[in-house]
Number of protein chains: 2
Amino acid sequence: MKHNKDSTMYIMPFDPKLDAAPAPQLPVRELILHAACQVFAHEGYAAATVSGIAAKAGLPKPNVLYYFKSKDKLYAQVLESIAAPYMDACLCLRAGDEPVEALTRTVLAMVRLFERQPFASKVFMVELKEGATRLPPAYAERWSTRVRDSVDCLRHWVDRGLLASMDPEHLLLSIWAIAQSCISLGWQVPALRGRDQLEAVDYAAATQTATRLLLQGLLPAPADIRRKRA
Amino acid sequence: MKHNKDSTMYIMPFDPKLDAAPAPQLPVRELILHAACQVFAHEGYAAATVSGIAAKAGLPKPNVLYYFKSKDKLYAQVLESIAAPYMDACLCLRAGDEPVEALTRTVLAMVRLFERQPFASKVFMVELKEGATRLPPAYAERWSTRVRDSVDCLRHWVDRGLLASMDPEHLLLSIWAIAQSCISLGWQVPALRGRDQLEAVDYAAATQTATRLLLQGLLPAPADIRRKRA
DNA sequence: GTCTATACGACGATAGAC
DNA sequence: GTCTATCGTCGTATAGAC
């Protein structure tokens with residue numbers, strides 16, 4: 001174990017709490033996965049390069065391809081190494097649950113994940129939006145069935161009048177989108193705030209905002225009070 | 001004007017109504033922009049290639065670079081050629097408006113745009129999420145100021161009690177995200193439906209879903225009725 | 001304006017010394 | 001396991017004939 005031309009980039013999460021444990025000494029394989037996750041998060045799959053990942057990890061390029069045979073497989077491994085928590089966070093609705101409690105729990109779990117693993121979250125959510133086509137088959141299948149379960153659950157709630165009448169598939173997408181949009185100011189849209197102001201996100205506030213926005217829109221309309229402007 | 005090796009891909013929108021006018025004879029420049037828009041929408045900026053765009057347009061590769069000097073500039077031109085309607089659709093909130101009416105109008109305008117220009121919409125919305133860094137400076141500045149105006153408008157409404165108490169920046173992002181998520185089943189997430197089922201989206205239903213979801217969550221809570229399960 | 005041929009670089013991946 | 005050198009491919013972009 002030599003490598004490491006530039007000691008300043010040995011492991012460099014923005015915050016000690018961010019993503020995987022920043023243990024000073026990490027098995028090389030984990031080290032590469034960690035670096036790859038950050039690079040894929042920043043650049044996206046297509047724009048990311050093996051050289052860039054190697055540089056981030058402080059290794060020469062061939063070392064990366066020694067552990068993972070190709071860029072494609074490395075990306076798949078990254079996905080596989082992070083997928084599990086997202087299954088539980090994004091797809092934890094069950095027909096027996098109480099809707100408000102279950103949806104609150106979903107939002108909370110998602111935001112928690114975003115907080116602890118911002119890079120992994122970016123990678124996974126982008127992959128989701130692109131159809132999860134690169135998820136290893138085993139995961140993809142489990143993902144699909146659990147998506148169907150969640151959609152069925154939402155439909156069940158809608159049918160029983162526990163939720164407003166909406167298309168359950170759109171609804172599931174919207175839940176993810178809302179949870180994401182409430183924490184994505186840091187990642188995206190510098191037009192909204194100053195330039196490159198990667199300021200600390202208030203995750204507690206994000207959770208509250210997302211939950212509020214989601215629930216009040218999901219519950220059956222109680223009384224349609226529309227206050228007019230003074 | 002010769003080119004056009006393969007007449008089957010002269011111009012090939014899935015639907016005659018989709019994106020720019022499918023006029024059988026289009027100025028070459030427009031033809032390229034049209035093809036580029038589709039390719040960028042499908043592959044994203046990084047993965048798209050000049051060859052691919054040329055093929056889509058039925059032209060040899062250098063012709064594309066004759067009209068637009070580089071891939072970068074071509075992309076910028078695509079953005080510039082489509083940006084205007086999105087300024088009006090995404091950022092049409094004014095402090096004097098009635099919130100419910102204004103927000104309904106926003107959702108309607110966005111979904112309309114998605115319906116008429118699915119490719120352009122994909123390109124623009126992705127660019128937005130990446131920080132709009134490639135928008136030509138002139139547009140970027142106008143975009144920023146109008147974003148600030150809309151955020152101020154939302155804040156104004158929140159302060160006056162016309163909307164629930166929420167962070168206005170998150171709120172603006174969420175509005176866009178909800179509108180998008182209600183029409184994005186076609187583009188994304190084949191895991192939700194069958195494989196590659198690019199079925200026709202019901203845009204009227206999407207509008208209704210998004211509006212319903214958004215408004216009921218935005219309005220000040222009238223009475224917090226929570227129906228328990230039977 | 002149109003198009004063939006090609007320059008040039010970057011990237012993914014491999015060979016093979018240590 | 002680690003790393004230097006390098007190969008083949010494909011990308012953007014250009015030269016220059018028609």
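Reminder, nothing fancy here: chain letters follow the sequence lines and each chain counts from 1. Just so you know, these numbers come straight off a predicted model, no measurement behind them.
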Q: Rounded to the nearest angstrom, tell me the gap between atom CD in Glu43(A) and atom P in dC11(C).
A: 10 Å
Q: Please confirm whether Tyr75(B) and Phe40(B) have ring centers closer than 6.0 angstrom.
A: yes
Q: Below 30° counts as parallel, above 60° as perpendicular, anything between as tilted: where do the rings of Tyr86(A) and Phe124(A) land?
A: parallel
Q: Could you tell me how far apart Leu31(A) (CG) and dG1(D) (C1') are, to the nearest whole angstrom?
A: 14 Å
Q: Checking side-chain polar atoms at under 3.5 Å, does Ser181(A) have a donor or acceptor matched by the opposite partner on Ser174(B)?
A: yes
Q: For Asn63(A) and dT4(D), give me the distance from atom CG to atom P, rounded to whole Å.
A: 9 Å
Q: With the sugar-phosphate defined as primed atoms, P, OP1 and OP2, and the base as all remaining atoms, what B/S/- string results for nucleotides 12-18 of chain D, 5' to 3', for protein heavy atoms under 4.0 Å?
A: BBB----
Q: dG12(C) C1' sits how many Å from Ile53(A) CD1, rounded?
A: 11 Å
Q: Test your reading of the model: is there a side-chain donor-acceptor pair from Asp97(A) to the backbone of Arg94(A), 3.5 Å cut-off?
A: yes
Q: Decide whether a cation-pi geometry holds between Arg134(B) and Tyr45(B); the criteria are a distance under 6.0 Å from NZ or CZ to the six-membered ring centre and an angle within 45° of the ring axis.
A: yes
Q: Does Arg155(B) pair with Asp152(B) as a salt bridge, N-O distance under 4.0 Å?
A: yes
Q: To the nearest Å, how far apart are Phe68(A) CZ and dT14(C) P?
A: 15 Å
